[in-house]
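Working notes, structure below.
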Amino acid sequence: MVFLRLRIQRGYRYYYSTGSWCVSWVLGTPKQSLGFILADGGFDVWFANTRGTNSSRNHTSLTPDDPEYWNWTWDQLAAYDLPAVLQHVYDHTGGQKVHYIGHSLGTLIILAAFSEHRLLHLVRSAVLLCPIAYLYKTKSKLTRLATQILLAEAFHFLGYREFNPVGPVSHEILLIICGDPEIDCYDLFTAVMGPDCCLNASTVCNFLQHATQSTSIKNLIHMSQMIRYEGVRRYDYGNAKENMKHYNQPRPPLYNLSSIPTHVPMFLTHGGQDFLGDVPDTRHLLNTLVRTHDSDNMEVLYVPDYAHADFVIGYNAPQLVYGPMVDFLQRH
């Protein structure tokens with residue numbers, strides 16, 4: 001991961017945020033963007049980009065043209081990338097634990113790490129916006145169809161390794177999916193993430209301009225596996241022999257989210273219109289966490305009208321979400 005820094009020394013509190021694209025946190029006005037709101041509130045703000053995105057493509061020996069460069073899923077983000085950047089922030093802020101804020105994929109990797117009791121010495125609290133872990137009941141027809149017909153697996157078999165949302169692979173995928181009369185391809189933003197309620201046109205244009213970033217086809221396969229099968233598991237290599245080679249067992253091991261230590265302060269917020277972090281799957285996650293978590297260390301905020309992007313670029317997110325979030329951070 002490569003990350004940007006807003007080093008505004010107004011306080012002692014440290015905040016680290018991750019999603020796929022860090023620019024999403026500063027797309028709006030200073031009064032609307034979470035990054036600026038936190039900086040103005042006295043936090044030292046750090047951002048991170050997921051590997052493979054435009055600002056995180058360097059490698060010691062490989063280039064993005066090498067297939068091996070894309071040989072990763074969110075397993076590796078949780079096991080290697082996230083610990084590396086959190087340790088870097090920790091080391092450069094005088095050994096202060098950080099408040100972590102993740103959106104979507106950023107929530108999955110911190111939950112995976114916590115489930116194995118990792119990063120607890122670096123993280124002071126965790127904020128999960130649109131948490132995704134269980135994806136079995138996702139509401140997106142487009143996503144479900146792509147998963148059912150093993151589309152990501154097919155493109156991987158054909159030799160494709162990078163998925164760029166505006167690249168040739170994406171174009172071919174849409175040609176296949178949009179032939180289904182039940183799939184509305186007129187508004188792909190909504191078809192994948194849900195009908196956002198509270199976006200303005202200029203912010204959406206900025207978001208689409210900067211948020212069309214690459215990931216690996218292998219990562220899409222891993223996400224598809226989570227939709228097809230219940231539970232949160234490591235990447236399935238497709239047969240017992242390969243899984244034995246990587247995990248010493250015929251099936252990929254589970255991330256046991258119920259084992260996340262109960263003392264870690266968590267703020268979880270989700271929306272009623274979100275197709276990715278849909279309500280049934282999110283409630284399953286909440287049931288896993290809340291029933292064992294210390295009540296003083298767990299706060300849940302449900303926003304009925306919000307979909308996936310509202311939490312990042314919604315014009316009323318500062319009032320509905322960021323205000324309660326900052327209160328939570330200040331208490332912990």
Do you know the tightest heavy-atom contact between G314 and P318? O-CD, 3.9 Å
Kindly compute the distance separating CG (L268) from CG (L289), expressed to the nearest 0.5 Å. 6.5 Å
Tell me if a side-chain donor or acceptor on R234 pairs with a main-chain N or O of L254 at a distance below 3.5 Å. no
Donor-acceptor under 3.5 Å (R233 side chain, P253 main chain): no
Shortest non-hydrogen contact from L129 toward I101: CD1-CG2, 4.1 Å
Is it true that a side-chain atom of T93 and a backbone atom of G95 form a donor plus acceptor pair closer than 3.5 Å? no
Distance-minimising heavy-atom pair for A78 and A112: CB-CB, 4.1 Å
Are S216 and R161 side-chain neighbours, meaning at least one heavy-atom pair lies under 4.5 Å? no
Membership question, hydrophobic clusters at under 4.5 Å side-chain separation (ILVMFWY): are L120 and I260 in the same one? yes
Where is the tightest heavy-atom contact between A307 and C130, given as atom of each residue plus distance? O-SG, 4.5 Å
Could you check whether atom NZ of K137 has more than 12 heavy atoms from other residues, nucleotides or ligands sitting under 6.0 Å from it? no
Qualifying salt bridge (Lys or Arg N to Asp or Glu O under 4.0 Å) pairs with a residue from residues 315-332, counting only residues at least two apart or across chains: E299-R331
Rounded to the nearest 0.5 Å, how far apart are CE of M223 and NZ of K218? 15.0 Å
Side-chain donor/acceptor of S140 to backbone N/O of A191, under 3.5 Å: yes
Heavy atoms, side chains only, cut-off 4.5 Å: are V321 and F311 in contact? yes
Taking the six-membered ring for Trp, are W72 and Y235 ring centroids under 6.0 Å apart? no
Of all residues at least two apart in sequence or in a different chain, which pass the side chain to side chain contact (heavy atoms under 4.5 Å, CB included) check with P30? F36
So L199 and F189, side chain to side chain contact (heavy atoms under 4.5 Å, CB included) or not? Walk me through it. CA-CA 12 Å; L199 310 183; F189 195 73; 3.8 Å; yes
What do the steps show when you test Y255 against W74 for ring-ring contact (aromatic ring centres under 6.0 Å, His included), and what is the final call? CA-CA 12 Å; Y255 289 98; W74 60 263; 5.2 Å; yes
Sequence neighbours left out, what pairs pass disulfide (SG to SG under 2.5 Å) with at least one residue falling in residues 141-194? C178-C185
So with a 6.0 Å cut-off around OH of Y229, is the heavy-atom count from everything else above 12? no
Taking a hydrophobic cluster as the set of Ile, Leu, Val, Met, Phe, Trp and Tyr residues connected by side-chain heavy atoms closer than 4.5 Å, whether directly or through intermediates, do V279 and L276 fall within one such cluster? no
Which atom names give the shortest non-hydrogen contact between H246 and E242, and what distance separates them? ND1-O, 3.0 Å
Acceptor/donor pairs from residues 144-156 side chains to any protein atom, 3.5 angstrom cut, sequence neighbours excluded:
{"unit_1": "R144", "atom_1": "NH1", "unit_2": "Y136", "atom_2": "O", "d": "3.1"}
{"unit_1": "R144", "atom_1": "NH1", "unit_2": "T138", "atom_2": "O", "d": "3.1"}
{"unit_1": "R144", "atom_1": "NH2", "unit_2": "Y136", "atom_2": "O", "d": "3.4"}
{"unit_1": "T147", "atom_1": "OG1", "unit_2": "T143", "atom_2": "O", "d": "2.9"}
{"unit_1": "E153", "atom_1": "OE2", "unit_2": "R228", "atom_2": "NH2", "d": "2.7"}

If we only count heavy atoms from C-beta on, is the L34 to V26 side-chain gap below 4.5 Å? no
Yes or no on side chain to side chain contact (heavy atoms under 4.5 Å, CB included) for R51 and L77, after CA distance, side-chain angles and deciding distance? CA-CA 8 Å; R51 68 161 87 176; L77 303 184; 3.7 Å; yes
So L329 and V127, side chain to side chain contact (heavy atoms under 4.5 Å, CB included) or not? Walk me through it. CA-CA 9 Å; L329 296 175; V127 172; 3.9 Å; yes
Output, in order, the C-alpha distance, side-chain angles, deciding distance and verdict of side chain to side chain contact (heavy atoms under 4.5 Å, CB included) for S56 and T50. CA-CA 7 Å; S56 185; T50 303; over 6 Å; no
With side-chain hydrogen bond (donor to acceptor under 3.5 Å, both in side chains) as the rule and sequence neighbours excluded, what pairs involving residues 185-201 come up? D187-T190, N200-S202, N200-T203
Under 3.5 Å, is there a donor-acceptor pair linking the side chains of H332 and S125? no
Got a donor-acceptor contact below 3.5 angstrom from the S214 side chain to the E162 backbone? no
With a 4.5 Å heavy-atom cut-off, do V89 and Q96 have their side chains touching? no
Are any side-chain N or O atoms of W70 and backbone N or O atoms of P64, one a donor and one an acceptor, separated by less than 3.5 Å? yes
Below 4.5 Å, heavy atoms only, C-beta onward: do L86 and L119 meet side chain to side chain? yes
Can you get from I176 to I217 by hopping between Ile, Leu, Val, Met, Phe, Trp and Tyr side chains that sit under 4.5 Å apart? yes
How far does CD of E182 sit from CG of L142, to the nearest 0.5 angstrom? 12.0 Å
Find out whether E230 and Y134 are in side-chain contact, i.e. whether some heavy atom of one side chain is under 4.5 Å from a heavy atom of the other. no
Would you check if N243 and Q249 make a side-chain contact, meaning some heavy-atom pair closer than 4.5 Å? no
Is the shortest side-chain heavy-atom distance between F267 and L301 below 4.5 Å? yes
Write out all pairs satisfying side-chain hydrogen bond (donor to acceptor under 3.5 Å, both in side chains) with one or both partners inside residues 270-286, taking only residues at least two apart or from two chains. D274-H308
Smallest separation among heavy atoms of P131 and L285, with atom names: CB-CD2, 3.6 Å
Taking atom CG of L108 and atom CG of L135, what is their separation to the nearest 0.5 Å? 7.5 Å
Nearest-0.5 Å distance that lies between atom CG in L111 and atom CG in L257: 6.0 Å
Residue pairs passing the ring pair (Phe, Tyr, Trp, His ring centres under 6.0 Å) test with at least one member in residues 109-129, sequence neighbours excluded, are none
Rounded distance (nearest 0.5 Å) linking atom CD1 of I110 with atom CG of L128: 8.0 Å
Quick check with a 6.0 Å cut-off and a 45 degree axis cone: is K245 positioned over the face of Y237's six-membered ring? no
Look at the side chain of D40 and the backbone N and O of I37, then say whether any donor-acceptor pair between them is shorter than 3.5 Å. no
Sequence neighbours excluded, the answer for salt bridge (Lys or Arg N to Asp or Glu O under 4.0 Å) partners of R251 is none
Members other than M244 in its cluster, when Ile, Leu, Val, Met, Phe, Trp, Tyr link by side-chain heavy atoms under 4.5 Å? none
Geometric class of the H99/F43 ring pair [parallel <30°, tilted 30-60°, perpendicular >60°]: perpendicular
Test ring pair (Phe, Tyr, Trp, His ring centres under 6.0 Å) applied to F275 - qualifying residues, sequence neighbours left out: none
Of all residues at least two apart in sequence or in a different chain, which pass the side chain to side chain contact (heavy atoms under 4.5 Å, CB included) check with N316? C198, Y306, Q319, L320
Under the rule for side chain to side chain contact (heavy atoms under 4.5 Å, CB included), what residues qualify as partners of T63, not counting sequence neighbours? D65, D66
